[in-house]
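One structure is given here, and the rest of the page talks about it.
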Amino acid sequence: MGTPPRVIPRPEHNISRSNISRNALKVMYRLREAGYQAFLVGGGVRDLLLGREPKDFDIATDAHPEDVRRLFRNCRLIGRRFRLAHVYFGRDIVEVATFRASGDEGEAGADEALVVLDDEGRILRDNRYGSIDDDIWRRDFTANALYYNIEDFSIWDYAGGVDDIRAGVLRLIGDPEARYREDPVRLLRAVRFAAKLGFRVDPESERPLRELAGLLDSVPPARLFEEVLKLFLGGHGVASYELLRHYGHFAQLFPATDRLLDSEEGDPYRALLLAALKNTDQRVAEDEPVTPVFLFAVLLWGPVRLRAAALEAAGEPPIQAMLLAADEVADGQQGRVAVPRRITTPMKELMVMQLRLQRTRGRRVLGMLGQGRFRAAYDFLCLRAQVGDADPALAEFWTGLQAMDENARVAAVDSAARREAGATPTAEPADDGAEPASRPRRRRRRPRKRKPTGGAG
Ligand code: ATP
Ligand code: MG
């Protein structure tokens, strides 16, 4: 494919070394001193051209992974499907990839490097090394296929990426359908970059997005988990979510949630998802931490709540019902998006705490404040209250309680208990969490069996 690149010399672009991480520069200079080519590639170049701060800096070189390892003491080779060198600088990792060729061009790497496709044309293995003008054609979008040359600070553009970036267009290199089939994760990458960059997807690249959504079921669930995190916790969750729903990708990733969102019972959950994602985007913008536990609680809450209501109706006590439902829904999800146990376990806890937070009287209530998951559970409750999935008075109760000093807290839960005791002859009920917030006046007692949706008072 010997087309020469368009070379954009340093004076004609805005990428300055002062915006590239010191560690990435170090790696490139070292490679170059050793006689190799070294380019900054991918999102680093794209984001710098757009005047954004790149998430990370990826480097491409003609040095083989073993060569890279010899040059850097702090280097590890990773990946079998796709061999890469990781150079460590404390917590910062610079990823170094060797130029790759596709098809039967290119030289074999040291250890039986090969391109392996499955029956449907998916790439299972891609370790055939080549030169930069082979490498370019296996990148996904033109905007991601720009190379910044450390030798003279020019940008090499083989696929028209610079013009596409200036026009705000996301365009797959080559035949879009074939490229999506090769690696269906590119469907999600299209959505992610469109959402993140605010680009429109070129019509040719857009057309298959919906048609080929079904291919996502052939992607290993562990890889989809990684993509889901990038889609929803990358600061553009709302835009990503809307595009995923639009193209039918969300149905592939979260089938139970997707069905619920489209049903009559979907009402508060649509709003809950949007409110939570909006909140998450805001936090990312303000550099506040976000957690996958909260994200998956939000994504799965609807189906869990419905299932829990059904189990309760069949006689399970509320907490047990919630636990069973959360287990079922989380298990059902694993075949699509493999959510690790370190996330599902605290997620279930957060869900069960939604029931425990319904109790507002007696001193045991104060113990909730000290629990590890309290903050997340409280935030979740507030979101639910905001969209009509929980009693706003309940959220207010917990907001108020946190603002009080110790004495006032004791008085608050005691007087609530006295009021309740006066109102009902029975003492404190079993710890089934089914008690509504004790609110003066307006509050009526609710029947035990609440409708699963719309628990707002
Ligand atoms: P960001 O890091 O901001 O999410 P990025 O473009 O750097 O975006 P990475 O996943 O870090 O994305 O990948 C780096 C580069 O590797 C991409 O820009 C692209 O050129 C190439 N690449 C990554 N994944 C794929 C893929 N599935 N198919 C083709 N090329 C890919
Ligand atoms: Mg990157």
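Whatever order the structure lists ligands and atoms in, that order sets their numbers, starting from 1.
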is_close_aromatic(Tyr241, Phe250), centroid dist under 6.0 Å: yes
Arg171 bridged to Asp164 by N-O distance under 4.0 Å: yes
Glu95 near the Mg ion (ligand 2): N/O/S under 2.8 Å: no
Exercise: do Tyr36 and Arg30 side chains pair donor with acceptor under 3.5 Å: no
Identity of the N, O or S atom of Asp58 lying closest to the Mg ion (ligand 2): OD2
Minimum-distance atom from the Mg ion (ligand 2) among N, O or S atoms of Asp56: OD1
Less than 3.5 Å apart, N/O on ligand 1 and N/O on the protein: could you list those pairs with the distances?
from	atom 1	to	atom 2	distance (Å)
ligand 1	2 (O)	Lys55	NZ	3.2
ligand 1	2 (O)	Asp56	OD1	3.3
ligand 1	3 (O)	Arg46	NH2	3.0
ligand 1	3 (O)	Lys196	NZ	2.9
ligand 1	4 (O)	Lys55	NZ	3.0
ligand 1	4 (O)	Arg192	NH1	2.7
ligand 1	6 (O)	Gly43	N	3.3
ligand 1	6 (O)	Arg46	NH1	2.9
ligand 1	7 (O)	Gly43	N	3.0
ligand 1	8 (O)	Arg46	NH2	3.4
ligand 1	10 (O)	Arg189	NH1	2.9
ligand 1	11 (O)	Asp58	OD2	3.3
ligand 1	12 (O)	Arg189	NH2	3.4
ligand 1	16 (O)	Arg139	NH1	3.2
ligand 1	20 (O)	Arg139	NH1	3.0
ligand 1	20 (O)	Asn144	O	2.9
ligand 1	24 (N)	Arg189	NH1	3.4
ligand 1	24 (N)	Arg189	NH2	3.3
ligand 1	27 (N)	Asp183	OD2	2.8
ligand 1	28 (N)	Arg186	NE	2.8
ligand 1	28 (N)	Arg186	NH2	3.2
ligand 1	30 (N)	Asp140	N	3.2

Any residue meeting salt bridge (Lys or Arg N to Asp or Glu O under 4.0 Å) with Arg307, in chain and number order, not counting sequence neighbours: Glu328
Residues that Asp217 engages under salt bridge (Lys or Arg N to Asp or Glu O under 4.0 Å), provided they are two or more places apart: none
Pi-cation contact, Tyr180 with Arg189 (under 6.0 Å, within 45°): no
Listed pairs under 3.5 Å, donor-acceptor, residues 220-229 side chains, sequence neighbours left out:
from	atom 1	to	atom 2	distance (Å)
Arg223	NH1	Asp183	OD1	3.0
Arg223	NH2	Asp183	OD2	3.0

